[in-house]
Every structure is written in structure tokens, then in C-alpha cells.
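Have a look at the structure below before the remarks.
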Protein chains: 2
Amino acid sequence: MKNIRIKDIALKAKVSTGTVDRVLHDRGNVSEKVREKILKIIEEMNYEPNFMARALGTKKVYHFAALIGDPGVDGYWNDPKTGIEKAAREARQYGVEVSLFIFNPYDADSFVKKAEEVTAANPDGILLAPMFYREVIPFFQIWKEQEIPFVLFNTQIPEFDPLSYIGQDSYQSGMVAGKLIHFGNPQPPSILVAHIDEEISNSAHLTKKEQGLRNYFAQNNLNHHYEIIKAELNRSNYAKFVEQLDTIFEGNPQIQFCFVTTSKAHEIAKYFEQKFITHIKIIGYDLIPQNLYYLNKGLISFLINQNPLGQGYWGINQLIDHLVFKKEISAVKFLPLDIVTKENLNYYIDESMLYNRL
Amino acid sequence: MKNIRIKDIALKAKVSTGTVDRVLHDRGNVSEKVREKILKIIEEMNYEPNFMARALGTKKVYHFAALIGDPGVDGYWNDPKTGIEKAAREARQYGVEVSLFIFNPYDADSFVKKAEEVTAANPDGILLAPMFYREVIPFFQIWKEQEIPFVLFNTQIPEFDPLSYIGQDSYQSGMVAGKLIHFGNPQPPSILVAHIDEEISNSAHLTKKEQGLRNYFAQNNLNHHYEIIKAELNRSNYAKFVEQLDTIFEGNPQIQFCFVTTSKAHEIAKYFEQKFITHIKIIGYDLIPQNLYYLNKGLISFLINQNPLGQGYWGINQLIDHLVFKKEISAVKFLPLDIVTKENLNYYIDESMLYNRL
DNA sequence: TAAATAAATGTGTACGCACACAACTGTCTA
DNA sequence: TAGACAGTTGTGTGCGTACACATTTATTTA
């Protein structure tokens with residue numbers, strides 16, 4: 001049997017397609033009696049709209065805004081940007097236009113300024129990485145009032161019911177790191193947790209990662225058997241950065257693992273390379289080129305990754321599904337939490353592949 | 001500027017849309033002069049067909065056949081099946097119908113029988129897991145003659161240029177296992193490689209996995225420093241199966257890791273549980289419920305997985321893109337080679353599956 | 001009760017493409 | 001020179017939906 005069309009419903013309800021259309025879109029001007037009858041038939045016949053026809057017929061141009069960090073400042077943002085651009089390219093057919101608003105990920109003021117620009121542009125939908133909690137809240141309220149749906153990624157802020165959140169689970173990724181370390185050394189390990197280049201007070205995700213790591217050991221009843229040394233480092237003064245590392249590693253020769261909570265694992269790897277340190281294993285985040293270099297060299301053991309490219313891609317697609325195709329979309333979309341090593345790396349960096357997730 | 005339509009090209013070339021259509025689809029009956037002129041304009045204007053309109057206009061029903069293993073016989077096949085069904089559901093709109101042909105993955109005759117049924121059904125496209133090399137070749141030839149495109153997944157057979165291959169890289173997955181083992185024990189490890197329930201001569205992928213493991217150590221110049229004990233086991237006689245395991249583990253107390261090349265890691269885990277063996281770490285394949293059970297219990301350390309659900313899903317979608325949307329598709333589509341552990345498991349499985357019991 | 005108004009319903013067209021069919025061109029033959 | 005014919009080219013319709021607009025029906029007002 002063929003697909004049910006509006007026409008079929010109209011026929012069965014002995015009304016015109018226009019009336020069915022009004023019911024489907026809640027445009028009013030339909031008597032309650034007819035309305036209910038039609039709704040019942042829609043239910044019965046299991047009508048599903050044809051998205052192709054729907055998209056074809058509408059000439060509306062959708063304007064989306066994407067508010068993300070500057071890849072020039074932090075290479076991490078290259079991937080979300082690429083994903084957003086790919087989604088934008090694919091969606092041009094449906095009259096979707098995506099404008100990028102790039103802020104400095106280390107500067108809350110820059111974020112606010114760009115968020116204001118987004119608001120001024122009055123887009124039909126917004127995708128953003130709400131990195132600065134305090135600063136973003138007022139914008140959520142404005143967008144709510146203006147009924148502009150927004151999708152979050154990278155950082156979760158559930159309190160202001162966004163249209164959707166594209167998952168990135170910092171806490172759980174810390175647990176994964178714990179598992180890897182534990183697997184790598186069943187004996188009580190000694191771990192350096194390095195927060196590099198980000199203010200910990202400002203970035204909840206760093207703390208969450210550390211918490212995840214700690215809780216891995218706690219939950220596995222290993223809490224008395226490990227040592228975690230915590231360091232906040234900053235490369236702005238490189239000499240001092242190296243000096244700090246010297247102090248840490250010379251003072252703690254027992255350290256076996258280094259868990260870097262930002263995308264700066266390559267800095268530790270570089271340091272190890274220069275100092276000929278080979279016995280400490282590094283676990284870090286994000287498949288940025290510098291990290292991949294040291295992953296391939298064997299200085300970094302694992303990179304943990306939650307598909308930032310896919311986050312951008314699916315973020316835009318959530319908006320498209322909602323606004324263009326008027327589909328129901330899920331409030332949270334989690335992407336796989338990948339453990340990437342030299343050996344499976346190839347399957348994570350081929351760009352085309354990153355979208356092949358369900 | 002809006003998207004370029006056939007009409008725009010026709011206008012510019014001072015011909016009708018029909019002529020442009022004939023050129024686009026190589027239907028002939030166009031003078032060479034006009035043909036070239038139109039082709040040039042198409043190039044210049046950067047025409048991209050509107051897939052929605054294209055799919056909407058055609059009322060053709062596409063009949064696809066999917067030839068896969070029986071999930072009842074080997075639970076592994078549940079995932080590809082689910083993926084195929086999901087793709088089929090999504091594509092019903094475009095007039096795509098997918099029929100499943102289920103064979104016994106341990107029985108070549110059953111495969112042949114079902115492949116014959118597929119041929120008899122004369123589908124527009126075929127997705128299959130060509131498990132039995134020798135048996136599948138004649139069918140490739142038949143389908144080639146009948147010009148039925150086929151997409152392979154699960155097992156790669158490049159020689160007969162399928163429309164596309166959905167990647168699954170057994171060799172590389174063995175390398176990943178090697179990496180994990182090496183990370184878990186930097187000292188020369190002692191490893192049991194267990195091939196369970198499949199005839200090794202019949203299934204190239206088992207050998208490839210083992211090769212990958214061995215080559216990891218070889219490539220890292222560790223080849224003299226490890227020990228690999230190989231075992232082919234079969235559960236058909238369960239008492240004997242246990243007896244064999246007894247012999248292996250009692251005779252080789254030095255074994256620290258067990259690498260199971262099939263989806264039967266849970267059998268080893270069950271054995272360890274019964275025998276209170278806790279010091280040997282298991283690495284296996286596939287997120288089937290039995291494996292997940294022991295992964296969560298901590299008896300299995302890692303499961304390696306190349307998204308079988310996605311393989312089914314993207315396999316069908318390759319056929320759809322090719323036949324329905326007439327897009328160019330890639331000859332090989334690789335899916336990420338995932339390392340799954342208790343800690344990131346949630347992000348790899350459908351939630352509903354979490355509640356599955358043994 | 002006719003006219004005015006509001007509410008409910010029906011009709012027609014565009015979206016971009018594919019394809020069937022109609023119409024035109026020029027050449028060759030009887 | 002009309003007719004046949006192959007080689008070209010043009011036209012029209014349907015796909016399912018959204019939406020503007022036209023039409024009908026019911027209700028109120030003068």
C-alpha cells in the first residue's frame with residue numbers, strides 16, 4: 001500500500017485538502033466537529049507527512065546563527081566549524097543559510113559581544129557553545145521571549161530548556177581516563193592531572209573531567225590506593241611553564257600517568273620529548289593536529305574525543321529537522337565517547353566518516 | 001542567489017527544459033552542438049540537482065534485498081538488522097522497500113539458498129554480508145550481468161567491484177587489541193588468542209584479527225618479547241569446551257590476556273567467573289548483550305566494535321543514494337573502529353538495549 | 001427578509017524534476 | 001512536391017505539500 005497523503009485523509013473525511021491542512025498546522029478556522037474527525041482519521045491512517053514535498057513547496061529562507069569559539073585562538077574549534085559548514089552546505093537546498101559568529105573562547109566579553117550580534121541578526125535558530133555560564137543566561141531569556149529556538153553543544157546547561165543539547169559528557173570522559181589508567185597499571189597509580197591554559201574557575205568541564213577520574217577510583221573501591229597530583233599550568237609564560245613542569249616531575253618521580261584535561265596534551269608530550277622522559281603515559285583530549293603528531297609518535301597513549309565535528313554537524317541538523325522539516329527532535333543527542341589511539345586513529349580523522357554515526 | 005534550476009539552464013541555453021533534461025540524463029536525441037553548449041552551461045552555473053524534487057516526482061518503487069546472518073543463530077546480526085530496518089523505515093517515503101533474506105551464518109548451503117532467493121526476487125539493489133567467499137562469487141557474476149548493484153558489508157571482497165563496501169577492518173582491530181594489551185602490560189605479555197565457534201579456514205576475518213595482533217608487536221619491535229598461545233574452540237560440546245580451557249589455563253599459568261576473535265568473549269568470561277579467575281584480562285568483539293553483561297561486571301575489559309548497526313544503516317543508504325537520489329557515492333565507507341569499555345558503553349548502544357538481560 | 005458579516009470550507013498554483021507525448025525541423029524518396 | 005521519416009526540440013502533467021485566494025454556509029444585523 002502506498003503512503004498516506006493529505007488527499008487520502010481529505011477523501012476519507014469528505015473534506016478538502018485545505019481543511020486537512022488547516023488541521024495539521026493548527027491554523028484554525030475549522031469547526032470543532034470536523035477538526036476532531038480529521039484528527040481521528042489522521043491517527044487511524046497513520047499519516048506521516050512527506051518531508052520532500054514539504055521542503056520543496058516552501059520558499060522560505062531560514063537564517064541560522066552559529067556561535068562558536070575562534071579556531072585561530074584554539075584549534076579545537078576547527079572541528080565544530082567544519083561540521084557546521086558541512087551541514088550548511090548540505091542544507092542550502094532547503095533554503096537554509098548559516099552565519100558564523102566567532103568569539104574568543106578565553107574572553108567572556110567577546111562572547112557577550114558576539115551573542116549580542118546574534119540577537120541583533122534575529123535568526124530563525126541558534127546553535128551555540130555556551131561556554132560562559134553567567135554571561136549566557138540573559139541571552140537565553142531574550143531568545144526565549146523572541147521564540148528563537150537554540151541548540152547547545154560542547155557545554156551542557158539544561159536549566160533553560162534548549163531545543164536540544166548535543167551531548168558531550170566531560171564527567172564520563174574522566175571516568176574513561178580512569179579506566180584506561182587503571183588498566184594500564186593495576187597497582188596503585190600515581191597520576192598528574194594537568195589543567196593547561198584554562199582558568200579552572202571559569203570552565204566547569206575541567207573540574208568535571210577531574211571529578212570523573214577521581215570517581216572512577218572511588219567507585220572501584222580503589223580510593224586509598226592511588227595518588228593524584230593536580231596542576232594548573234599556563235603557557236603564556238613558557239619559561240615558567242617548563243619550570244613548573246620541572247618542579248613537578250623532579251619532585252614526584254613516582255608519577256606514571258599524566259591526564260591533561262584540555263586539548264594541550266601535546267605540550268606535555270613535547271616536554272617529555274625534550275627531557276627524554278619515556279616512562280610516563282599521557283592521556284589527553286581532542287584530535288587536533290599537534291596531539292595527533294604525538295599520538296603517532298607514541299608519546300601520547302590515548303586521546304579522548306567526543307566528535308566535535310559531529311557536534312557542529314548534528315547541531316545544525318537539529319535546527320533543520322525542527323524548523324525546516326518540522327520533525328520531532330530529541331532533547332538530548334549524545335555522541336559516542338571515543339577512545340582514540342594510534343591504531344584506530346585513521347577511522348576517526350577521515351572527515352567524511354565523522355558523520356556516519358546514528 | 002537562489003539555487004540553479006534546470007529551467008535556468010534552459011533559459012540561458014535558449015532551449016527547453018526537456019532538452020536540458022535529456023542532456024542531464026544522457027537520454028540521447030540531442031544534437032552534439034546543443035549538447036556541448038548545455039554541458040558547458042551546466043558546468044559554469046554549477047548546477048546541483050534538487051534531490052527532493054527528484055525523489056518526489058518519481059513514483060518508482062525500489063525493491064532492495066538485504067542478505068544477512070540470522071540473529072537467532074548469532075546475536076551479532078541483531079545490530080545490522082536493526083540498522084537496515086531503521087534505514088528502511090526512513091526510506092519508505094522515497095518508495096524504497098527492503099526485504100530481508102536471513103541465512104544461517106554457520107552454513108554455506110543456507111547462504112547459497114538465500115542468495116538464490118535474492119536473485120529470483122530480482123531486486124533493484126542488494127546489500128549483503130558475503131560471508132562465504134567461494135560460494136558468493138558466482139552470484140556476483142550473475143548480479144553483474146543483470147546490472148543489479150550490490151553493496152558489501154562485514155566482509156570485504158574487493159575483487160568484484162561492488163557498488164560500495166562498508167568498512168570493517170579486522171586486521172586493524174587486531175592492532176588495536178595489541179595496543180591495549182601492550183598498554184595494559186608494558187612487560188612482555190603472554191596472550192591467549194581464542195577463536196571460538198567459527199571455522200578458521202572459513203572465516204578470513206579471524207585470521208586477520210590474529211595477524212593484526214601479532215603485527216602490532218612486530219611493528220613495535222617487541223616480537224621476541226611476547227608469547228601468543230592460539231586456541232580454536234567450539235562450544236558444540238560444552239563439556240569438552242570447558243575441558244580444553246582447563247588444560248590451557250592450568251598448563252599456562254603465565255597467561256595474562258585473552259583475546260577472543262569472535263563475539264564469544266562472554267563464554268571465557270563465564271568460565272573465569274565460575275573458576276574464580278580474576279587476573280586474566282579479556283578483550284573481545286561486539287556489543288551483544290552477553291558481552292555487555294560481563295563488560296559491566298568487569299570481567300571483560302574492552303570490546304572492539306565497528307558499529308554493525310551503522311553498517312546495516314549506511315549500507316542501505318548507499319543503495320538509496322545511488323539509485324533513488326542518483327548521487328555519486330564512495331566506493332568504500334569506513335566506520336569508526338571503536339574501543340568500548342564499561343565507562344563509555346552508554347554512548348555506543350541504544351538505550352533500550354541496556355536493559356537486555358541474558 | 002435582505003444585506004452584512006463571520007466562520008467554515010474548497011480551489012488553484014507553485015515548488016523542481018522526470019517523463020510521456022506533441023510538435024517541429026530538415027532530408028530523402030516516390 | 002507531397003509524404004514519409006528520423007532526428008531534434010518543446011510542452012504538459014504529476015509527485016505531495018503549503019498557502020493565498022475564492023467560494024460556500026451559518027449567523028447576525030438593519
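In what follows, every chain begins at residue 1, and chains take the letters A, B, ... in the order their sequences are listed.
- Contact annotation: the side chain of A/Gln146 approaches that of A/Thr119 to within less than 4.5 Å [non-hydrogen atoms, C-beta and beyond].
- The NZ-P distance, from B/Lys7 to C/dA18, rounds to 16 Å in whole Å.
- If you take CZ of B/Arg54 and C1' of C/dC19, they are 13 Å apart, rounded to a whole angstrom.
- Residue B/His25 places at least one side-chain N or O closer than 4.0 Å to OP1 or OP2 of C/dA18.
- Among pairs with a residue in residues 115-130 of chain A, those fulfilling salt bridge (Lys or Arg N to Asp or Glu O under 4.0 Å) read A/Lys60-A/Asp124, A/Lys114-A/Glu117, at least two apart in sequence or across chains.
- Side-chain contact between A/Gln141 and A/Phe160: present, with at least one pair of heavy atoms (C-beta onward) separated by less than 4.5 Å.
- When the options A/Ile68, A/Leu127, A/Asp79, A/Leu335 are evaluated for a side-chain contact (heavy atoms from CB on, under 4.5 Å) with A/Gln311, the one that passes is A/Leu335.
- Of the residues in residues 10-22 of chain B, B/Asp21 come within less than 4.0 Å of DNA chain C through at least one heavy atom, sorted by number.
- At a non-hydrogen distance threshold of 4.0 Å, A/Asn29, A/Val30, A/Ser31, A/Val34 from residues 29-47 of chain A come into contact with DNA chain C.
- A/Asn50 and A/Arg5 share no donor-acceptor pair across their side chains, judged by distance under 3.5 Å alone.
- Along DNA chain D, the stretch of nucleotides lying under 4.0 Å from any heavy atom of chain A spans, 5' to 3', D/dG16 to D/dC19.
- Between A/Ile6 atom CD1 and C/dT11 atom C1' there is a gap of 15 Å when expressed in whole angstrom units.
- A salt bridge does not link A/Glu85 with A/Arg89: none of the charged nitrogens is closer than 4.0 Å to a carboxylate oxygen.
- A/Leu56 comes within 4.0 angstrom of a nucleotide base, judged by non-hydrogen atoms across all strands.
- Looking at heavy atoms from C-beta onward, A/His322 lies out of side-chain contact with A/Gln318 at the 4.5 angstrom threshold.
- No side-chain heavy atom of A/Phe139 sits less than 4.5 Å from a side-chain heavy atom of A/Val118.
- If you measure from atom CG of B/Leu24 to atom P of C/dA18, you get 7 Å, rounded to the nearest angstrom.
- Between A/Arg27 atom CZ and C/dG10 atom P there is a gap of 16 Å when expressed in whole angstrom units.
- Checked by atom type, the side-chain pair A/Tyr348/B/Asp338 shows a donor-acceptor distance below 3.5 Å.
- Five base pairs at each end of the helix from C/dT1-D/dA30 to C/dA30-D/dT1 define two local axes, and these are offset by 80° (rounded to 10°).
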Distance-only donor-acceptor hits, side chain of residues 31-49 of chain B, under 3.5 Å, sequence neighbours excluded:
residue, atom, partner, partner atom, Å
B/Ser31, OG, B/Val34, N, 3.4
B/Arg35, NH1, B/Asp26, OD1, 3.2
B/Lys37, NZ, B/Ala13, O, 3.2

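- Residues B/Val112 and B/Phe103 form no side-chain contact, since every pair of their non-hydrogen atoms from C-beta on lies 4.5 Å or further apart.
- Under the side-chain contact (heavy atoms from CB on, under 4.5 Å) test applied with A/Phe64, the options A/Ile84, A/Ile320, A/Ile148, A/Ile126 reduce to a single match, A/Ile320.
- As a whole-Å value, the separation of A/Asp26 CG from C/dA8 P is 14 Å.
- Here the side chain of B/Gln168 pairs no donor or acceptor atom with the backbone of B/Pro308 at under 3.5 angstrom.
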